[in-house]
Amino acid sequence: DSDSANTLSLDAIRDSLIRQEDTIVFCLIERAKFPINSVIYDQQSSSVGVPGFDGSLLHYIVKESEILNAKVGRYASPEENPFFPDGLPPQLFPPHNYPSVLHPAGASININKDIWDFYTKQLLPLFTTAGDDGNYANTAQCDLQCLQALSRRIHYGKFVAEVKFRDSPEEYSSAIHAQDGDTLMKLLTFKNVEEMVKRRVEKKAMVFGQEVTLNNVGDSGKYKIDPSVVSRLYDEWVMPLTKLVQVEYLLRRLD
Ligand SMILES: O=C(O)C(=O)C[C@]1(C(=O)O)C=C[C@@H](O)C=C1
């Protein structure tokens with residue numbers, strides 16, 4: 001949240017990332033209640049086509065909820081990035097005065113297109129069962145929650161990058177002046193932290209996704225979401241994209 005961003009230490013920022021892991025794991029568990037329901041993602045579905053709208057049902061639901069959210073100020077927060085930013089309506093009342101932590105150029109970074117693509121095309125089939133149970137609105141609502149949680153986490157890279165820059169401005173500045181993305185990537189990478197993150201999210205998937213009964217606690221080995229998928233999600237997409245956001249942010253940090 002913006003309080004921890006305001007504190008602006010790498011520890012505080014990492015605490016927020018850790019808390020966001022809980023949100024992501026719970027969102028995935030909720031989505032896993034439903035089968036894949038793939039018509040939701042069809043560009044042209046005859047069964048769930050919205051008259052006059054050229055896109056999938058999920059696209060329609062995300063776009064419409066972003067319109068509502070824009071009116072009540074969600075995207076005034078530097079932590080929130082819409083999936084469909086074009087033509088969003090203005091806020092209905094004056095925006096909250098968020099502390100300006102980020103460099104203004106940070107606002108132009110939005111990689112939600114990549115997030116949308118890996119989520120719908122690659123991640124969903126890894127943790128949902130095959131089939132169609134007709135619960136499209138519910139399922140798409142879960143997708144929206146997952147997408148927003150992932151987007152918030154990945155774009156939090158802007159805050160991570162800002163803290164790292166403030167902690168060692170000289171080191172970063174020379175790479176920024178040289179517009180050297182590879183060096184920036186090396187500077188901001190902590191392999192040991194990444195290993196811990198992967199192991200922790202796997203464990204969270206086990207703890208949050210276990211069957212809880214009064215007689216036995218957990219370890220029946222049956223989880224609501226496969227813990228290895230969560231670790232893979234972080235390894236293949238969440239952390240690489242968070243780092244991409246950091247590099248993009250740092251490249252513009254001295255504009
Ligand atoms: O904790 C950091 O320093 C981050 O930059 C975050 C993060 C992550 O996405 O979890 C990304 C890059 C680092 O290599 C380690 C972890």
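Counting starts at 1 for both ligands and their atoms, in listed order. Positions are given from 1, in the same order as the sequence printed here.
Protein heavy atom at the shortest distance from atom 16 (C) of ligand 1 is V193 CG1, 3.8 Å. Nearest to atom 4 (C) of ligand 1 among the protein's heavy atoms is K164 NZ, 3.5 Å.
By the 6.0 Å contact criterion, NZ on K224 is enclosed, its count of non-hydrogen atoms from other residues, nucleotides or ligands being greater than 12. Under a cut-off of 6.0 angstrom, the local environment of CZ in R199 is sparse, with at most 12 non-hydrogen atoms contributed by other residues, nucleotides or ligands. Annotation for N97: atom CG does not count as buried by contact number, only 12 or fewer foreign heavy atoms lying within 6.0 Å.
Ring geometry for F84 against H59 counts as parallel: the plane angle stays under 30°, on a 0 to 90° scale with 60° as the upper cut. Using cut-offs of 30° and 60° on the angle between ring planes, the pair F165 and Y172 is tilted. Ring-plane geometry between F208 and F26 is classed as parallel, the angle between the planes falling under 30 degrees on a 0 to 90 degree scale with a further cut at 60.
Close approach of ligand 1 to M239 is summarised as follows: ligand atoms under 4.0 Å from at least one heavy atom of the residue are 8 (C), 9 (O), 10 (O). Distances below 4.0 Å separate heavy atoms of F190 from the following atoms of ligand 1: 3 (O), 13 (C), 14 (O), 15 (C). For ligand 1, the atoms sitting less than 4.0 Å from at least one non-hydrogen atom of V160 are 4 (C), 5 (O), numbered in the order shown with element in parentheses. For ligand 1, the atoms sitting less than 4.0 Å from at least one non-hydrogen atom of T242 are 9 (O), numbered in the order shown with element in parentheses. The distance from ligand 1 to the heavy atoms of K243 drops below 4.0 Å at these ligand atoms: 11 (C), 12 (C). Less than 4.0 angstrom separates some heavy atom of R14 from each of these atoms of ligand 1: 1 (O), 2 (C), 3 (O). Each of the atoms 14 (O) of ligand 1 lies under 4.0 Å from some heavy atom of T189.
Proximity of K204 to I18: side-chain heavy atoms (C-beta onward) are separated by under 4.5 Å at one or more points. In this structure the side chain of H155 never reaches within 4.5 angstrom of the side chain of E79, judged on heavy atoms.
Residue contacts with ligand 1, taken as heavy atom pairs separated by less than 4.0 Å, do not involve I13 at all.
Contact analysis puts R153 in contact with ligand 1, with a non-hydrogen atom separation below 4.0 angstrom.
For atom 7 (C) of ligand 1, the protein comes within 4.0 Å by no heavy atom at all.
Here the shortest heavy-atom distance to atom 13 (C) of ligand 1, taken over E194, E195, Q246, Q20, belongs to E194.
With F190 as the aromatic partner, R14 meets the cation-pi criteria of under 6.0 angstrom to the ring centre and within 45 degrees of the ring axis.
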